[in-house]
Amino acid sequence: MTDQIDLFVEPNADAVPESFDREAIPTRASVSIPAGVYDDLDTLGRHCRSCQRCGLAAGRTNVVVSRGNPQAHIMIVGEGPGQQEDEQGLPFVGKSGQLLEKILAAVRLDTEKDVYICNVVKCRPPGNRTPTAEESNACKGYLLEQIRLVDPKIILMTGATAMKGLTGEKRGITKVRGQWMEWEGRLCMPIFHPAYLLRNQSRDKGSPKWLMWQDIQTVRAKLDELTATD
């Protein structure tokens, strides 16, 4: 009877082959990172910390995997680590991170309880330059697995590089920020990177900081809506 039932069960096309060598993932970018390859975030983090998939590994002090709550409803995706992030091994801990915490706190969101924060690339690009497509692609499988394992209700992409690195969207951030978009069945919103806000201090109506305030209130309202029935 069991065999008969199994005939009607569709095979999982995304299943990782038993012969796949998971431990080869951190060694080189030519080894793919299949969906479902990681059972937990701890194993993913261990691979990230030993990763040699691109040239950024040579210049890093620390690999920057994530911080926050792995069960959070909101995931925040940044571009890549800066100097302080590289030194501390945590994302968004410099001035940009301090501003991000203030923005979230303004709508009653705590970075340790209510969000999970990670980046497109886990190692600092030299001089804080924008990651190359090759570097982003080498790291993207890690990010996709983080999304799968955390399973957030909302993904916030900070800046154009994060948006392009995750979704492939090439439009400028000023044209799409604050707009809900669906990606892989998930609700996403591009927002300004906090570093951009630090360079634009005006709070006048229509300024980047004013727009960010509108956007984060929209995010809070959507989160309340999505969790109302939980």
Subject >> Pair L223-V107, side chain to side chain contact (heavy atoms under 4.5 Å, CB included): steps then yes or no >> reply: CA-CA 11 Å; L223 177 64; V107 289; over 6 Å; no
Counting C-beta onward and ignoring hydrogens, is there a side-chain heavy-atom pair between [X] and [Y] closer than 4.5 Å?
X	Y	answer
P26	Q52	no
H73	D114	no
K209	L197	yes
L144	I33	no
V31	F20	yes
I173	F192	yes
S136	V121	yes
L104	I76	yes

Any donor-acceptor pair under 3.5 Å linking the side chain of [X] with the backbone of [Y]?
X	Y	value
R124	G59	no
S207	S202	yes
T158	V77	yes
D86	T61	yes
R148	Y38	yes
Q88	V93	no

Subject >> side chain to side chain contact (heavy atoms under 4.5 Å, CB included) evaluation trace for R49 with V65 >> reply: CA-CA 8 Å; R49 284 185 284 274; V65 182; 3.9 Å; yes
**OP:** Pick out which of E23, R22, R53, E145 makes a side chain to side chain donor-acceptor pair (under 3.5 Å) with H47.
**Re:** E23
Which side-chain N or O atoms in residues 94-102 pair as donor and acceptor under 3.5 Å with protein atoms at least two apart or in another chain?
| residue | atom | partner | partner atom | Å |
| --- | --- | --- | --- | --- |
| S96 | OG | A195 | N | 3.4 |
| E101 | OE2 | R67 | NH1 | 3.3 |
| E101 | OE2 | R67 | NH2 | 3.2 |
| E101 | OE2 | T111 | OG1 | 3.4 |

**OP:** Give the cluster check for L90 versus L41: same hydrophobic cluster or not, with ILVMFWY residues linked at side-chain heavy-atom distances below 4.5 Å.
**Re:** no
**OP:** Kindly give the cluster partners of V64, where membership spreads through any ILVMFWY side chain lying under 4.5 Å from a current member.
**Re:**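 Direct or chained contacts put V64 with none.
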Original post:
Which residues satisfy the salt bridge (Lys or Arg N to Asp or Glu O under 4.0 Å) test with D151, sequence neighbours excluded?
Top reply: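 Once residues adjacent in sequence are excluded, the partners of D151 under the salt bridge (Lys or Arg N to Asp or Glu O under 4.0 Å) criterion are R186.
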Original post:
Mind checking what makes side-chain contact (heavy atoms from CB on, under 4.5 Å) contact with W180, not counting sequence neighbours?
Top reply: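 Partners of W180 under the side-chain contact (heavy atoms from CB on, under 4.5 Å) test: I154, L187, M189, T218, V219, K222.
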Find the distance between [atom1] ([X]) and [atom2] ([Y]) and round it off to the nearest 0.5 Å.
X	Y	atom1	atom2	answer
L56	C123	CG	SG	6.0 Å
L211	T174	CG	OG1	10.0 Å
E85	N119	CD	CG	7.5 Å
L109	I74	CG	CD1	5.0 Å
C118	I147	SG	CD1	6.5 Å
I155	E184	CD1	CD	9.5 Å

**OP:** Using a cut-off of 6.0 Å, state whether more than 12 heavy atoms not belonging to R203 lie near its atom CZ.
**Re:** no
Subject >> Over 12 non-hydrogen atoms of neighbours within 6.0 angstrom of CD in Q217 >> reply: yes
**OP:** Verify the distance criterion only: is there a donor paired with an acceptor across the side chains of K122 and Q146 at less than 3.5 Å?
**Re:**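 Indeed, the side chains of K122 and Q146 share at least one donor-acceptor pair under 3.5 Å.
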Got a list of side-chain donor-acceptor pairs under 3.5 Å for residues 159-169, not counting sequence neighbours?
| residue | atom | partner | partner atom | Å |
| --- | --- | --- | --- | --- |
| T161 | OG1 | E79 | OE1 | 3.3 |
| T167 | OG1 | M163 | O | 2.8 |
| T167 | OG1 | E169 | N | 3.2 |
| E169 | OE1 | R171 | NH2 | 3.3 |
| E169 | OE2 | R171 | N | 2.9 |
| E169 | OE2 | R171 | NE | 2.9 |

**OP:** Output, in order, the C-alpha distance, side-chain angles, deciding distance and verdict of salt bridge (charged side-chain N to carboxylate O under 4.0 Å, His left out) for R220 and D224.
**Re:** CA-CA 6 Å; R220 177 76 238 194; D224 290 343; 2.8 Å; yes
Original post:
Which pairs with one or both residues in residues 88-134 pass ring-ring contact (aromatic ring centres under 6.0 Å, His included), sequence neighbours excluded?
Top reply: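 Qualifying pairs: F92-H193.
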